[in-house]
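Okay, so here's the structure we're looking at.
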Amino acid sequence: MPLGTKTKLYETPNHPFQGERIADEHDLVARYGLKNKEELWRAQSELRSYRREARQLLGAAQGDAEAAESQEFLARLKKLGILNDEDDLDAILSLDVTDVLERRLQTVVYRKGLANTAKQARQFIVHGHVTVEGSRVTEPSRKVAVAEGDLVEFDSTSPLTDELHPERAEEQ
């Protein structure tokens with residue numbers, strides 16, 4: 001493949017005009033403040049790749065190499081917070097797209113109460129008001145590991161660090 005050639009990171013639905021699927025997608029896009037359905041389709045493709053890898057590992061004969069690979073894969077998903085500590089490979093097959101969407105930086109900022117809405121969280125991130133581990137991040141789709149969850153905050157130079165800023169989320 002020549003340099004500069006982009007490949008799609010998602011698959012579009014096989015049947016584009018299914019009312020129930022469209023309504024479900026619209027609900028998820030609104031609930032998670034996604035820019036468009038392409039972001040949802042990327043999350044669905046990521047989930048499909050997790051399931052595919054889990055099926056391959058479950059189907060492989062469990063030798064030492066396969067067991068180590070399984071543990072590595074599980075550790076990666078547990079570190080991201082997609083799986084709980086007690087989950088195994090079978091649990092990956094029952095994951096939902098919301099499990100992947102919950103680990104996006106945009107959702108973490110909203111759930112932490114730094115923004116009033118998921119759309120506002122996206123705006124704060126894109127405009128450079130949010131840091132993770134002290135580094136400014138402008139990518140709302142970035143996956144946030146469990147260990148990084150407490151390190152998500154406003155940038156020290158951002159006007160949003162002021163508690164009285166009109167755009168700040170109200171304390172509950």
Practice task
Considering non-hydrogen atoms only, spot the tightest contact between V144 and V152 and give its length.
Solution key: CG1-CG2, 4.3 Å
Practice task
Could you tell me the separation between the CD atom of E153 and the CD atom of E133, rounded to the nearest 0.5 Å?
Solution key: 10.5 Å
Exercise for the section: Output the distance between atom CD (Q123) and atom CD (Q106), rounded to the nearest 0.5 Å. Expected result: 11.0 Å
Handout entry: R103 with E46: basic N within carboxylate O range, under 4.0 Å
Key = no
Handout entry: Contact summary for G128 and T138, nearest pair of heavy atoms
Key = CA-CG2, 4.0 Å
Problem - N36 side chain vs E38 backbone, donor-acceptor pair below 3.5 Å - result: yes
Practice task
Count the heavy atoms of every other residue, nucleotide or ligand shown that sit under 6.0 Å from NE2 of H165, and state whether that count exceeds 12.
Solution key: yes
Exercise for the section: Would you mind reporting whether E139 and I125 have side-chain heavy atoms less than 4.5 Å apart? Expected result: no
Exercise for the section: Assess whether atom CD of E20 is packed by more than 12 heavy atoms of other residues, nucleotides or ligands within 6.0 Å. Expected result: no
Exercise for the section: Kindly indicate whether the side chain of F73, heavy atoms from C-beta on, has any atom under 4.5 Å from the side chain of Y50. Expected result: yes
Practice task
Compare every heavy atom of R51 with every heavy atom of L93, then report the nearest pair and how far apart it is.
Solution key: O-NE, 3.7 Å
Exercise for the section: Could you tell me whether E72 and R76 have a side-chain N and a carboxylate O separated by less than 4.0 Å? Expected result: no
Practice task
Drop me the distance from R136's CZ to S158's OG, to the nearest 0.5 angstrom.
Solution key: 8.0 Å
Handout entry: Modelled atom types, side-chain donor and acceptor of S45 and R48, under 3.5 Å
Key = yes
Fill in the blank from the handout: Between the NZ atom in K143 and the CG atom in L105, the distance rounded to the nearest 0.5 Å is 10.0 Å
Problem - Atom pair CG/CG of D88 and L58 - distance to nearest 0.5 Å - result: 8.0 Å
Practice task
Indicate the atoms forming the closest heavy-atom contact of P16 with N14, along with that distance.
Solution key: CD-O, 3.5 Å
Handout entry: Check: L89 and L74 side chains under 4.5 Å, non-hydrogen atoms
Key = yes
Handout entry: With F154 via ring pair (Phe, Tyr, Trp, His ring centres under 6.0 Å) - residues at least two apart
Key = F124
Exercise for the section: Report the hydrophobic cluster partners of F17, with the cluster defined as I, L, V, M, F, W, Y residues connected by side-chain heavy atoms closer than 4.5 angstrom, directly or transitively. Expected result: none
Exercise for the section: Indicate yes or no: does E25 engage R21 in a salt bridge with an N to O separation below 4.0 Å. Expected result: yes
Exercise for the section: Taking the side chain as every heavy atom from C-beta outward, state whether V100 and L95 have any atom pair closer than 4.5 Å. Expected result: no
Exercise for the section: Return yes if some donor-acceptor pair links the side-chain N/O of K119 with the main-chain N/O of L34 below 3.5 Å, else return no. Expected result: yes
Completion exercise
Rounded to the nearest 0.5 angstrom, the CG-CG distance for D155 and L160 is 10.0 Å
Problem - Side chain proximity check, L101 to L40, heavy atoms < 4.5 angstrom - result: yes
Practice task
May I ask whether L47 and Y10 are part of the same hydrophobic cluster, defined by side-chain heavy atoms of I, L, V, M, F, W, Y residues being less than 4.5 angstrom apart, directly or through others?
Solution key: no
Handout entry: Close side-chain approach of H129 and V109, heavy atoms under 4.5 Å
Key = no
Exercise for the section: Answer whether the closest heavy-atom distance between the side chains of I92 and E53 falls below 4.5 Å. Expected result: no
Practice task
Evaluate the side-chain proximity of V29 to K37: yes if any heavy-atom separation is below 4.5 Å, no if none is.
Solution key: yes
Problem - Under 3.5 Å: donor-acceptor pair, side chain of D87, backbone of N84 - result: yes
Exercise for the section: Of all the heavy-atom pairs spanning E102 and Y32, show the shortest one and how long it is. Expected result: OE2-OH, 2.8 Å
Completion exercise
All heavy atoms of A115 vs all of Y110, minimum pair found to be O-CD1, 3.7 Å
